[in-house]
Amino acid sequence: MKKLNRVSLSGKILTLMTAQEFRQKYLDFFKSKGHTIIPSASLIPENDPTVLFTTAGMHPLVPYLLGEVHPGGKRLVSCQKCIRTGDIDEVGDDVHLTFFEMLGNWSLGDPASTRGDESTRGGYWKKEAIEWSFEFLTKELGLPIDKLAVTCFTGDSDAPRDEESAGIWKSLGIPENRIYFFGKADNWWGPAGLTGPCGPDTEMFYWTGKGEPPDLVTGDNKEGWVEIWNDVFMQYNKTAEGKFEPLKQKNVDTGMGLERTLAVLNGYDNVFAIQEFEPIISKIKSLAVKPDDKAVRIIADHIKAAVFIMGDARGVKPSNVGQGYVVRRLIRRAIRYGKLIRVKDNLVVPLAETVVSISSNIYPELQQNKDFIIKELKTEEDRFNIALEKGLKEFAKLREMNGQIAFDLYQSYGFPLELTEELSRERGFVVDKIEFQNEFKKHQDLSRTSSAGKFKGGLADNSEDVVKMHTATHLLDQALRDVLGNHVEQKGSNINAERLRFDFSHPAKMTPEQIKKVEEIVNSKIQEDLPVHFEMLSVDEAKQKGAIGLFEDKYAKLGNQVKVYFVGDYSKEICGGPHVEHTGQIGSFKIIKEEAVAAGIRRIKAVVGKS
Ligand code: ATP
Ligand code: MG
């Protein structure tokens with residue numbers, strides 16, 4: 001294979017590692033430690049409606065982490081395609097991508113009962129996992145120890161300080177002052193509140209800054225310290241009562257970002273400098289009149305992610321729902337940033353061709369689906385360009401701006417809010433984001449409804465039903481907590497004109513009595529005709545008042561302020577709205593189905609009646 005050369009600051013010729021060499025090195029290393037190499041699963045998860053995309057290497061392995069026997073044995077290694085839509089807003093910084101590849105190795109099973117000699121390929125635990133991580137980083141990759149730091153779990157009332165991991169790092173030669181201890185927010189796997197497997201993790205960081213590395217701090221202020229790898233030790237089972245019991249099957253689950261690690265390995269301070277991005281980045285720069293680094297990075301990332309989603313074996317095209325909506329957003333955002341840096345020609349197709357040619361030796365599905373990818377991208381780009389032009393004409397006629405108008409521009413002409421904001425600034429208008437977001441949220445429910453093919457009758461009638469179900473969902477959420485316990489947390493919600501659907505954490509099937517009780521509570525709250533109102537509160541105030549819901553909800557959050565809906569005194573929940581004015585408008589409430597959707601997650605479908 002051709003080596004890439006680069007001259008370092010000191011004038012020495014450095015040999016750069018390619019992504020392909022690095023990927024193979026990782027797989028081969030763990031193969032030599034008794035692991036079976038397993039292929040990347042689809043980006044679009046099978047049988048898991050709770051998430052749109054595969055977000056980590058462990059994701060397709062969940063059934064095996066929970067006890068299913070894997071045909072590859074107890075030691076597995078993979079390079080998994082991942083999409084993290086939650087990171088879209090971070091993209092443009094040095095280390096976050098929407099699409100990235102995650103290298104990972106796993107041990108399935110309790111090491112105490114399966115440990116054996118190498119030939120039995122039994123499970124392993126902290127000692128082996130950390131030793132191999134260390135060996136791979138320092139021996140295989142040759143990263144200097146004095147640029148590494150690690151973090152371990154500091155311990156709390158649920159679980160003790162992870163002295164075991166820290167001790168292993170120390171014995172390997174990581175100095176004590178480079179071993180840091182943090183709490184659950186940083187060094188714990190398993191979302192708080194959820195029941196099921198969880199445990200401490202130990203993370204590895206590499207110093208990319210200049211000079212003597214400063215202390216590693218928690219939060220976003222790591223400046224120069226890059227997290228490259230995470231070893232998770234699934235050790236406990238969190239019960240519905242909130243107890244942390246030792247897990248029957250202990251697992252090791254590790255994840256290392258390929259692009260990030262490759263970048264630091266080659267001496268770069270950002271992921272976009274690696275060879276897999278370079279041709280995409282230069283193409284964008286060559287097409288732009290006014291290239292700006294951040295915009296160029298965002299375009300490169302978004303087109304690559306869109307190509308991988310469309311080119312997946314279960315690929316999807318741009319649309320208004322689900323995965324397709326993410327694809328649409330990625331493409332349109334890329335085009336939008338293209339306009340910002342004055343790209344004259346169509347940009348999407350040549351970039352997609354570059355992505356396919358770079359990546360299809362490892363991901364042949366991209367080449368196989370190339371015609372589909374190119375055709376759909378072209379259609380989407382043309383459609384968006386025409387709409388943008390019309391929209392700009394409409395914009396020129398505007399005499400004022402508000403959230404409603406911003407939303408109309410979005411809906412009719414596909415104007416992203418950022419574009420409206422920027423154009424508004426030029427004209428001296430101000431956009432009300434909350435108003436825009438409320439309209440947006442309402443629309444999302446409606447578009448889900450229409451795309452489900454269940455859209456009957458007039459828009460007004462249906463949207464009224466949707467609003468009723470919105471409020472009923474809040475009552476249901478609280479009633480479930482009353483009946484089942486405070487471990488109940490919303491895991492997903494979807495409303496169409498026919499029914500509401502609510503996914504929540506709970507370890508067991510609900511009994512008929514529990515279902516009846518929940519229905520009774522919701523109906524009694526409807527009969528009390530409670531008033532509904534919202535308040536904008538700081539996150540702290542909201543927590544103090546006992547508000548539940550997703551504190552990170554993009555539609556309900558502005559700066560540090562969150563929108564909290566109050567249904568009488570009964571329910572307080574973070575939400576963008578909209579809701580009925582008083583609960584009597586809901587009429588009545590009935591649960592039509594209660595079922596499992598994933599381990600520890602139940603789903604309720606319910607309908608509301610005429611008032
Ligand atoms: P960060 O705090 O930097 O967002 P994370 O804690 O979300 O990282 P993990 O969920 O532990 O990361 O994922 C394991 C590894 O995957 C990380 O150590 C990192 O190398 C890589 N990784 C995570 N998110 C991204 C991303 N958006 N782009 C590129 N690599 C990523
Ligand atoms: Mg992250």
Side-chain angles (χ1 to χ4, degrees), residues 19 22-23 26 40 43 51-62 77-106 129-130 133 136-137 141 143 148-153 165 180 182-192 198-208 216-234 252-266 268-274 276-277 297-298 300-302 304-305 308-309 326 330 552:
F22 177 43
R23 196 185 289 109
Y26 187 92
S40 173
L43 271 177
V51 283
L52 291 177
F53 297 104
T54 300
T55 58
M58 60 82 69
H59 199 154
L61 292 174
V62 168
V77 61
S78 78
C79 177
Q80 174 65 47
K81 303 187 278 186
C82 298
I83 288 277
R84 290 197 177 178
T85 52
D87 284 350
I88 280 180
D89 291 335
E90 316 276 334
V91 173
D93 74 1
D94 292 335
V95 292
H96 286 96
L97 296 163
T98 310
F99 169 85
F100 67 100
E101 296 174 61
M102 194 187 285
L103 299 160
N105 55 286
W106 289 271
I130 293 175
S133 287
F136 187 73
L137 290 177
L141 301 181
L143 293 176
L148 290 173
V150 300
T151 64
C152 300
F153 179 56
S165 295
Y180 297 88
F182 295 122
K184 281 225 177 74
D186 293 285
N187 287 90
W188 189 264
W189 181 85
C198 55
D201 68 33
T202 179
E203 301 189 341
M204 289 146 263
F205 289 78
Y206 188 75
W207 173 246
T208 61
L216 181 73
V217 291
T218 173
D220 286 335
N221 258 335
K222 297 197 180 78
E223 291 294 314
W225 280 113
V226 174
E227 179 196 326
I228 51 177
W229 202 352
N230 187 359
D231 290 359
V232 176
F233 303 113
M234 294 183 196
V252 174
D253 156 34
T254 92
M256 175 195 255
L258 178 139
E259 294 83 350
R260 262 191 212 185
T261 311
L262 187 61
V264 305
L265 209 54
N266 287 336
Y268 302 132
D269 62 1
N270 77 84
V271 289
F272 296 95
I274 63 173
E276 284 57 42
F277 267 115
R297 287 177 175 189
I298 290 174
D301 169 87
H302 285 14
K304 185 171 180 185
F308 267 88
I309 300 172
V326 173
L330 288 165
E552 285 318 310

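Just so you know, ligand 1 is whichever comes first in the structure, and atom 1 is the first atom listed for that ligand.
A tilted orientation is assigned to the rings of W188 and F153, their planes being inclined by 30° to 60°. Note on ring orientation: taking the six-membered ring where Trp is involved, the planes of F99 and F308 are parallel (angle under 30°, cut-offs 30° and 60°).
At least one N or O atom of L97 sits closer than 3.5 Å to an N or O atom of ligand 1. Of the N or O atoms in G257, one or more lie within a sub-3.5 Å distance of an N or O in ligand 1.
Atoms of ligand 1 found under 4.0 Å from any heavy atom of M102 (numbered from 1 in listed order, with element): 13 (O), 14 (C), 16 (O). Annotation for ligand 1: atoms under 4.0 Å from non-hydrogen atoms of D87 are 24 (N), 26 (C), 27 (N). In the vicinity of W229, heavy-atom distances shorter than 4.0 Å reach the ligand 1 atoms 18 (O). Per-residue contacts place I228 under 4.0 angstrom from the following atoms of ligand 1 (heavy atoms of the residue considered): 18 (O), 20 (O).
Using a 4.5 Å cut-off on side-chain heavy atoms (C-beta onward), F53 and I309 make contact.
By the criterion of a heavy-atom distance under 4.0 Å, the backbone of V95, and not its side chain, is placed next to ligand 1.
E227 counts as a contact of ligand 1, since one of its heavy atoms falls under 4.0 Å from the ligand.
Regarding atom 11 (O) of ligand 1, its nearest protein heavy-atom neighbour is N230 ND2, 2.9 Å. Counting protein heavy atoms only, atom 19 (C) of ligand 1 is closest to R260 NH1, 3.4 Å. Protein heavy atom in closest approach to atom 1 (P) of ligand 1: H96 NE2, 3.6 Å. Nearest non-hydrogen protein atom to atom 14 (C) of ligand 1 is G255 O, 3.5 Å.
To the nearest 0.5 Å, atoms CD (E101) and CZ (F22) are separated by 10.0 Å. The distance from the CD atom of E259 to the NE2 atom of H96 is 12.0 Å, given to the nearest 0.5 Å. With rounding to the nearest 0.5 angstrom, the CZ atom of R260 is 9.5 Å from the CD1 atom of I228.
In summary, the aromatic rings of W229 and Y26 are positioned with their centroids under 6.0 Å apart.
The nearest non-hydrogen atom to atom 31 (C) of ligand 1, considering only F99, F100, F205, comes from F100. The heavy atom nearest to atom 9 (P) of ligand 1, considering only E90, E203, R84, is found in R84.
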Derivation of the side-chain contact (heavy atoms from CB on, under 4.5 Å) call for F100 and R84:
CA-CA 8 Å; F100 67 100; R84 290 197 177 178; 3.8 Å; yes

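D269 and T208 are not linked by any side-chain donor-acceptor pair at a separation below 3.5 angstrom, with hydrogens and angles left out of the test.
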